[in-house]
Structure formats: structure tokens, C-alpha cells
Amino acid sequence: MADEMNHIERAMAGLSNQPVDRLLTYPLAMGVCRRLINGTGITYQEWVSDPKKFAQAFIEGQRRFDFDFAIGLMDLSVMAGDLGAHVRMDEQNTPFVDDPLIKDIEGYEKLEVPNIKDPKTRSYVLVEGTGMFVEALGKEVVTAAFLEGPLLALTQTRGAEFVFKDMYDNDSSRKAVHAALKTITDYDKEMVKAFAEKKPAGLVWDYLWGSYSCLGDTEYEEFEGDYKYAGCLNELVQKEGMANCIHNCADLPHLDTQIKKWKPAIYSMAYYPLIPGSPSAKEVIQNGYADVSLVGGNIDPQGFVRWKPEKMEEVTKKLCNEVLTELKARGLGGRYCIASGCEVPPALSTKLENIQACVDATKKYGVWA
Amino acid sequence: MDKDAILNGLENAIVNGKKAEAINFAKDALSAGIKPLDAIDAGLIKGMMIVGEKYAAHTIFLPQVLLAADSMYGALDILLPHIPREAAAKRIDMVIGVVEGDVHDIGKNIVKTMFTAAGFNVHDVGRDVPAEDFVEASKANNAQLVAMSTLMTPTMDSMKATVDALVEEGIRSQLKIIIGGAPTSQEFADEIGADMHAINAQEGVAKAKEAL
């Protein structure tokens, strides 16, 4: 069935809990779309070092797959790299920190906010590149910047294991962790303001550590949830005229804090069927989280590598049916976006036809009959 | 201090993540003539089991688990050199690591802790480990178990490369292979020729013990 709404009309309807012609869809295809540039694709190093190339991937992805959103995720080592950690750039693998910057407790207090206007920083590439795809696609789809939350950026800069131990090892290590989080929160504030100048419709935070596999409510509140960290950042995003959104692909997300308390416009999440307690789409809707936010999820990202398009269509169809049934039962509008639970693997082995199969299946089976 | 007080002290030091206390109680155990293996079993392992149960029940979280693990290793450093050679030889040797291309090792380290607590001799080859290093470590330590993890989808292929390398070197049949990490599954383990998949450290220990 042909779409009756355009992408923005559909997204705005979903965001305001109104009826939609069909469910929204956005497999989180970011890095993988670098493979569409110049016909043969470009390396990760090229993609993350040049704003035009970064933007081009989103533009090419939109032309090829006809998504409902464009969200500017680069990778999760942007901030750590600009703070001074060493980032390994493989040709076709997501860049990652292979040598953390902070080696001891004193290191936390030495962090400094980098100059994000320096073209050599990836923060600059990210902001400028986001601006470019917002300009190119902003009248066609809902666009959003993507940014690492303070605790995620810190764990990338120090190493998660060390940060978690330092949180409670002794008073001075705990104080040092907070000092670093304050610096990174200041860095995040500068990034939010820089993104706001590019006029994306929203900004997506990666608040990965809000997971009961990692931190309890008390720990999460102290080291990220507190107003002086995520609280004020969420507020700043809205103050700067962007919709505040959250991505959290952890297995047991802190939904009450991150959705019910913070009320993001969009909440993107994963589902781990093997892990007891990992919430399915049905449970998320039944428990009222889609009342508050437009929820995105939760197709297994590795399916884009391993499945055949027929299987992807089948999985997407099943998810559409599950979501449509539950949304209707709860009397909601188009409050769910069919998406991958985390980024579609940007590897060469990812089958591009699976991205298309997911989008096409949503158009076919996600119709709000 | 009597034996029970020392063993209780060891256990509590682990549960509460107090490394300095754990080290001191380990020294007290040796001074009091407690056999090091008894101190490990009735103090450290008992404590780590409690930590594992609390973590599984979500009453404690990663910071507390990691501090407990640190405390256990601190005490083990004191006790292990005093274990008689014949007793040490009875422990099962295993190799553990994060496969090539991936540096996420927090999960691997928790699994390592639980296997150590369960009495395995754990040889940690680290993170971003090429297949040949798994092979070399398995041969060098006469390993009966290889445990591999990855958090990222693109590096799942490195698990298969490692299994293939163990086959090519002719040692695959001498050991069991267990895999873990968010994107992995039993289906994937079957696909690449591994023996087992576990969703968490405790399940990993249980499955490995059953298989060996």
C-alpha cells in the first residue's frame, strides 16, 4: 500500500500520539551507509574525518532506503578521542578507544574540554557534518544529532571497569570521578549548543549505563541521573529548541528514570530475548512507556548481517503485528518506530538488502488498518 | 583470632569489596596455619558466590562486583603461592580472552573472576586477541577450556577464526569452547563449532563444569 503521509507528517503524528498511516521505520543505519558513497564506499577513517562525507552517508542512505528519520551517530569514541584517548581506526570497523587517556585517579581531574571548533577534532566533524545532512534532509525527514552522555564518554576515556571501581573505592576516587563527569558535562553542553545552531529537530543522547546489568538506581542517580549531569543536559536540549531523545541499547534499561522521569520525545532501545527481564516491545507498550515517548526498537542488529531478506521481512512483520496490536489495545497513536535495537553493524558483511527488507516490510505490514 | 573468625573475615571482605582487609585476612590465615585451599574455598569462594548471587538478583551492581573481584585477587596473590604443587595441578586450566578487533573486556573480567572463584586456573590472554594467541596459550597451559567473548557484531567472525585455528592446530578435540557476549547465542556457537554459549558468568561456570 502506498504511503498516505510523508515522512515528517508521520513522524510528527507519532511524536504527538496521533494516528499514522503506517508505523514509522528507521533501522539505525549510520556507519553502514558510508558504503553507498561514490558507488564503492569509503573507509571509516574517511567517513569520520570529513563533515561532507559524514553527511553524504545519511543523504545516500535516505535516497536508497527511504527512512522516516536521519540521526547522526558517528561512533562512541568521538568525545574520548577529542579528550585525548587514542582511537583505533580500522578500515571497515567502528573506531574504538584502544588506549584510554586516564591512567590513574589524578587523571580524572586533568580532563579539559577540547576546542570543538578546531577542524582537527571529530567533535567538529560531527557537528558540521550533522549540520550538512540536516540542511539536505531536514525538509524531508525528522533529523537529530547524536551525542554521548557524560558517563559513557568518561568510561570511554578511562575504561569502564576502572570507572566503576573508582566510583566506590574510596572518597578521593569517588570525588575524582565526579570532577571528570563535571568536565564532560561542560563538554556536552558546548556540543548541545553547537548542534542547536545547525537546527536539527532533535538530539539523541546515548545514556548507555542506565542499565540494571551495570548500575542500580542509586548508582545511576549519583553518576548520571542527577540534575547536575543528565538532568541539566536534557533541559538544555529543550531550551535550545531541540526535542530531547534517548538511545539506550543496554539489556535492562532504567525505563522509569529514562522514560517516565525524563520524558524524552523518542526512546530507542534493544531487546535481548535470552536475558530474563529484558523488556519486549509488547511489555514496553503495556507498561505505559509508549504513553510517554515514541519508542523505537527492537530488531536484532546482527540479523542485518546473518539473516536472509525473507527472514528480515518475517521478523519485521512479527514486530509490526505485535506493536500494532498493543498500541491499539492501549488506545495510542503511532507511538512506535520499527528500528534495529542498536546500530546496524557497519561491517562489510552487513547485507544492505536487509535494511531495505526492514523498511519495505514496515511499509507493507505496519499499515494502521 | 580463631579459624572461623578468619574465614568469616575473608568472606566478608570479599562481599564488601575491601581489598586491604582481604589481604590482611589472607595473611592471618597463613599465620594461623589454615591451609591455603581451605582459606580459598571457605573464605574467598564463599564470598564470591554470595557476590554472584546478589549480582544475579540485581541487589548489587557492577561497581560492587568489581571491587569484590579486586579483593579476591588481592587475597589470592597471598594464598596461591602456598598451595602445594600437587593440589594446584588438580585445578582445571582454561584460557580466556576477548577476540581480535574488540577491546570490551569488562564482561570477560567478570567471567574470569567467577571461574577463578570456581577453582579454575584462569590464563587471561587479554583483549583484542588474535586467534594464534588463543592457540599458543591453550598449548602452553594444556588448557581444557577456552572461553571467548565479544561485545560487537563485526568481531563475531574472530570467534570463528579462533575455533578454526584450534582445529587447524589439532588441539580442538582436547578442549571445550565456550563463548559469550551480547550479540552471541547458542545458535551462533553451533554455527562456528563452539561447544557452549552462556548468557552470564554464573551460567558459564555451571555449563563448563558440567561439560568437563
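Just so it is clear, the model here is predicted, and its values are computed rather than measured. Order of the sequence lines fixes the chain letters, A, B, ..., with proteins taken first and strands second; residue numbering starts at 1 for each chain. Computed over heavy atoms, backbone and side chain alike; hydrogens, waters and symmetry mates excluded.
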How close do G101(B) and N93(A) get, heavy atom to heavy atom, and via which atoms?
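Taking G101(B) first and N93(A) second, the nearest heavy atoms are O-ND2, 3.6 Å.
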
Minimum heavy-atom separation for P63(B) and C214(A), please, with both atom names.
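Smallest heavy-atom distance, with atoms named: CD-O, 3.5 Å.
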
Anything in residues 151-161 of chain A with a heavy-atom distance to chain B below 4.5 Å? Please list those residues in order.
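Listed by number: A160(A), E161(A).
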
If we define contacts as heavy-atom pairs under 4.5 Å, which of R127(B), H104(B), K19(B), M156(B) has the most with chain A?
M156(B)

Counting neighbours of [atom1] on [X] that are heavy atoms of other residues, nucleotides or ligands and sit closer than 6.0 Å, is the number greater than 12?
X: K207(B); atom1: NZ; answer: yes
X: K318(A); atom1: NZ; answer: no
X: N170(A); atom1: CG; answer: yes
X: K351(A); atom1: NZ; answer: yes
X: E222(A); atom1: CD; answer: yes

[X] versus chain B, the contacting section by heavy-atom distance below 4.5 Å:
X: F96(A); value: side chain
X: Q302(A); value: both
X: V163(A); value: neither
X: Y168(A); value: both
X: P100(A); value: side chain
X: L252(A); value: side chain

First locate atom [atom1] of [X], then atom [atom2] of [Y], and finally report the distance between them rounded to the nearest 0.5 Å.
X: L66(B); Y: F162(A); atom1: CG; atom2: CZ; answer: 10.0 Å
X: H58(B); Y: L215(A); atom1: NE2; atom2: CG; answer: 12.5 Å
X: W209(A); Y: L62(B); atom1: CH2; atom2: CG; answer: 7.0 Å
X: L67(B); Y: D166(A); atom1: CG; atom2: CG; answer: 8.5 Å

T155(B) versus chain A, heavy atoms under 4.5 Å apart: side chain, backbone, both or neither?
side chain

So which part of I106(B) gets closer than 4.5 Å to some heavy atom of chain A, the side chain, the backbone, both or neither?
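For I106(B), backbone and side chain are both near chain A.
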
Below 4.5 Å, heavy atoms only, C-beta onward: do N200(B) and S213(A) meet side chain to side chain?
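No; the side chains remain at least 4.5 Å from each other.
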
When you measure from the side chain of Y212(A) to the backbone N and O of F61(B), does any donor-acceptor pair fall under 3.5 Å?
no

What residues form a side chain to side chain contact (heavy atoms under 4.5 Å, CB included) with D124(B), not counting sequence neighbours?
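Result, side chain to side chain contact (heavy atoms under 4.5 Å, CB included) vs D124(B): I96(B), K108(B), N109(B), K112(B).
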
Test of understanding: with salt bridge (charged side-chain N to carboxylate O under 4.0 Å, His left out), list the residues that count as partners of D70(B), not counting sequence neighbours.
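Residues passing salt bridge (charged side-chain N to carboxylate O under 4.0 Å, His left out) with D70(B): K165(A).
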
Do any side-chain atoms of residues 178-189 of chain B form donor-acceptor pairs under 3.5 angstrom with protein atoms, and if so which ones, sequence neighbours left out?
{"unit_1": "T184(B)", "atom_1": "OG1", "unit_2": "G181(B)", "atom_2": "N", "d": "3.4"}
{"unit_1": "T184(B)", "atom_1": "OG1", "unit_2": "G181(B)", "atom_2": "O", "d": "2.6"}
{"unit_1": "T184(B)", "atom_1": "OG1", "unit_2": "H197(B)", "atom_2": "NE2", "d": "3.1"}
{"unit_1": "S185(B)", "atom_1": "OG", "unit_2": "E187(B)", "atom_2": "N", "d": "3.4"}
{"unit_1": "S185(B)", "atom_1": "OG", "unit_2": "F188(B)", "atom_2": "N", "d": "3.1"}
{"unit_1": "Q186(B)", "atom_1": "OE1", "unit_2": "H197(B)", "atom_2": "N", "d": "3.0"}
{"unit_1": "Q186(B)", "atom_1": "NE2", "unit_2": "D190(B)", "atom_2": "OD1", "d": "2.9"}

